[in-house]
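Each ligand, and each atom within it, is numbered from 1 in the order the structure gives.
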Amino acid sequence: MSLQVEFRCLDERLGRDFPLPEYATAHSAGLDLRAMIDQAIELAPGDAQLVPTGMAIHIGDPGVCAVILPRSGLGHKQGLVMGNLVGLIDADYQGPLMVSLWNRGRLPVTITPGDRVAQLVFLPVVRAVFHQVDQFERSARGEGGFGHTGVR
Ligand SMILES: O=c1ccn([C@H]2C[C@H](O)[C@@H](COP(=O)(O)OP(=O)(O)OP(=O)(O)O)O2)c(=O)[nH]1
Ligand SMILES: [Mg+2]
């Protein structure tokens, strides 16, 4: 399934010095996002910084959102993940796409302009309409949770 999404390039280096966001393979779920910073930054262990991606999107369909996720290699090996764990992009957001980069590792991480630091994944959204009730009709689980079914 493909989706038409409006895209604005906010940084002249994107599409000139660095490729525009693209799916790396025919079946990739995520498009890599680049750190469109002016100069290299070093993230000390534990530090987080909000970094522009040089682009904006307008999804425009309430049945779709996008999420910003870590890249597996950077996240696992260097500890470079998202400071908000997952970035959620609303369908009506039109501002610059920002990435919160958090070094959760034990060593400093250097980020160079244009580095692919995160990935953007589009997802379907179901928006709920709440119907207030006094009691739920009891389900098999009821109120059991948080390990209620055991480990083994
Ligand atoms: O990693 C992120 C997360 C969010 N956003 C943008 C798009 C999103 O639609 C908007 C608001 O995000 P969210 O609702 O998660 O943040 P909030 O703290 O609740 O802000 P708001 O009060 O603007 O909704 O910020 C980003 O650019 N990058
Ligand atoms: Mg919000």
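- The backbone N or O of Leu43 lies less than 3.5 Å from a partner atom in the side chain of Asn103, making a donor-acceptor pair.
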Output side-chain donor-acceptor pairs under 3.5 Å for residues 143-152, partner residues at least two apart or in another chain, one line each.
none

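- Between Asp11 and Met55 there is no side-chain heavy-atom pair separated by less than 4.5 Å.
- Contact of the Ile68 side chain with the Thr53 side chain is not registered, since no non-hydrogen atoms from C-beta on lie closer than 4.5 Å.
- Between Val51 and the choices Ile111, Ile41, Leu33, the side chain to side chain contact (heavy atoms under 4.5 Å, CB included) rule is met once, by Ile41.
- Residues with a heavy atom under 4.0 Å from ligand 1: Ile68, Asn84, Gly87, Leu88, Ile89, Asp90, Tyr93, Pro96, Leu97, Met98.
- Counting all heavy atoms, side chain and backbone alike, Ala66 lies closest to Ile59 at N-CD1, 3.7 Å.
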